[in-house]
Amino acid sequence: MNQSARRIGRTLALVLPVVLVLSGTLAVTRVNWSGGSQSVLAASSEDVSTPAKTRAPREALRDRLLLELQEKNPGVALTTLQQEVDARPSLAKHCAWIARALGRAAVRQYGPSRAQSYARPVCDTAFATGVAQSV
């Protein structure tokens, strides 16, 4: 009995700190620290002020389109996405990823109903998928 209690104690001593660190990290990443709903849109995974040369073209395009969505509307951003993919076919494999990001951003800025009204068949239904994932 003493041996099994010691084994359980060791297991908890190893596992419990890992669980606490992981749960704390996940909790911190889920909190909107900026306070406003629109500032979440600007806080993408990359710094928009970083020169585009240091980032992959798909990330630079995504950031530019997120800014365009914020300044104008999702329809304009989707039209620009389609034009960019037509001009540079190498971006086609990233089109759905970018369109989903635009869909999620549109929900944050306009709400689900209005965001869905901008849906177009750009990159199949990726924009609508991004909207649906954010609801």
Side-chain angles (χ1 to χ4, degrees):
M1 185 73 161
N2 193 14
Q3 189 79 340
S4 65
R6 194 174 297 159
R7 188 176 300 139
I8 291 171
R10 284 185 196 149
T11 303
L12 283 175
L14 291 172
V15 172
L16 193 58
V18 172
V19 169
L20 290 173
V21 167
L22 287 175
S23 64
T25 302
L26 290 173
V28 167
T29 60
R30 299 296 296 169
V31 173
N32 178 5
W33 294 101
S34 61
S37 62
Q38 287 190 351
S39 58
V40 173
L41 178 64
S44 68
S45 63
E46 297 289 333
D47 184 10
V48 178
S49 64
T50 303
K53 296 173 190 165
T54 61
R55 293 178 287 154
R58 67 182 177 274
E59 293 170 348
L61 176 60
R62 179 205 56 203
D63 292 345
R64 187 166 50 94
L65 292 174
L66 286 172
L67 189 59
E68 189 171 47
L69 180 143
Q70 192 174 16
E71 292 174 350
K72 297 177 183 170
N73 67 54
V76 173
L78 286 170
T79 299
T80 303
L81 175 59
Q82 185 65 57
Q83 291 168 347
E84 291 290 329
V85 170
D86 291 344
R88 294 187 297 182
S90 63
L91 290 171
K93 61 185 171 190
H94 306 291
C95 186
W97 172 73
I98 295 170
R100 277 192 300 275
L102 291 173
R104 289 188 296 269
V107 168
R108 285 192 297 270
Q109 186 162 350
Y110 296 100
S113 297
R114 187 159 175 221
Q116 187 61 39
S117 71
Y118 289 101
R120 296 193 186 154
V122 176
C123 310
D124 294 325
T125 59
F127 179 82
T129 302
V131 170
Q133 288 174 342
S134 295
V135 176

Exercise. Run the side-chain contact (heavy atoms from CB on, under 4.5 Å) check on Glu59 and Trp97 step by step: do they pass?
Worked result: CA-CA 10 Å; Glu59 293 170 348; Trp97 172 73; 4.1 Å; yes
For this session: Would you tell me whether Arg64 and Thr80 have side-chain atoms, one donor and one acceptor, within less than 3.5 Å of each other?
Result: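 Arg64 vs Thr80: no donor-acceptor pair found between side chains.
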Problem set entry | Any side-chain heavy-atom pair of Ser117 and Arg114 under 4.5 Å |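 A side-chain contact exists here, since the closest heavy-atom pair is under 4.5 Å.
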For this session: Indicate yes or no: at least one non-hydrogen side-chain atom of Val122 is less than 4.5 angstrom from one of Phe127.
Result: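 In short, these two side chains do not touch, never coming nearer than 4.5 Å.
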Exercise. With Leu69, which of Leu102, Leu78, Leu81, Val76 fulfils side chain to side chain contact (heavy atoms under 4.5 Å, CB included)?
Worked result: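 When side chain to side chain contact (heavy atoms under 4.5 Å, CB included) is applied between Leu69 and each of Leu102, Leu78, Leu81, Val76, only Leu102 qualifies.
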Exercise. Only one of Thr79, Leu61, Ile98, Leu65 clears side chain to side chain contact (heavy atoms under 4.5 Å, CB included) with Glu84; which?
Worked result: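 It is Leu61, the one option of Thr79, Leu61, Ile98, Leu65 that forms the side chain to side chain contact (heavy atoms under 4.5 Å, CB included) with Glu84.
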Exercise. Closest approach of Tyr118 and Gly75, non-hydrogen atoms and distance?
Worked result: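 Residues Tyr118 and Gly75, closest heavy atoms: CD2-N, 3.5 Å.
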For this session: List the atom of Glu68, the atom of Ala77, and the distance in Å for their closest heavy-atom pair.
Result: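 That closest heavy-atom pairing would be OE1-CA, 3.5 Å.
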Exercise. How long is the span from the NZ atom in Lys93 to the SG atom in Cys123, to the nearest 0.5 Å?
Worked result: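 Reported value, rounded in 0.5 Å steps: 14.0 Å.
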Problem set entry | Distance (rounded to the nearest 0.5 Å) between Arg58 CZ and Arg88 CZ |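 Going from CZ on Arg58 over to CZ on Arg88, the span is 12.0 Å.
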Problem set entry | Test item: Thr125 side-chain N/O and Pro121 main-chain N/O as donor-acceptor pair under 3.5 Å |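 Checked: no pair found.
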Exercise. Is the side chain of Arg104 donor-acceptor paired with the backbone N or O of Val131 at a distance under 3.5 Å, no angle test?
Worked result: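 Pair absent, no side-chain N/O of Arg104 close to backbone of Val131.
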Problem set entry | Test log, rule side chain to side chain donor-acceptor pair (under 3.5 Å), inputs Arg100 and Gln133 | CA-CA 9 Å; Arg100 277 192 300 275; Gln133 288 174 342; 4.8 Å; no
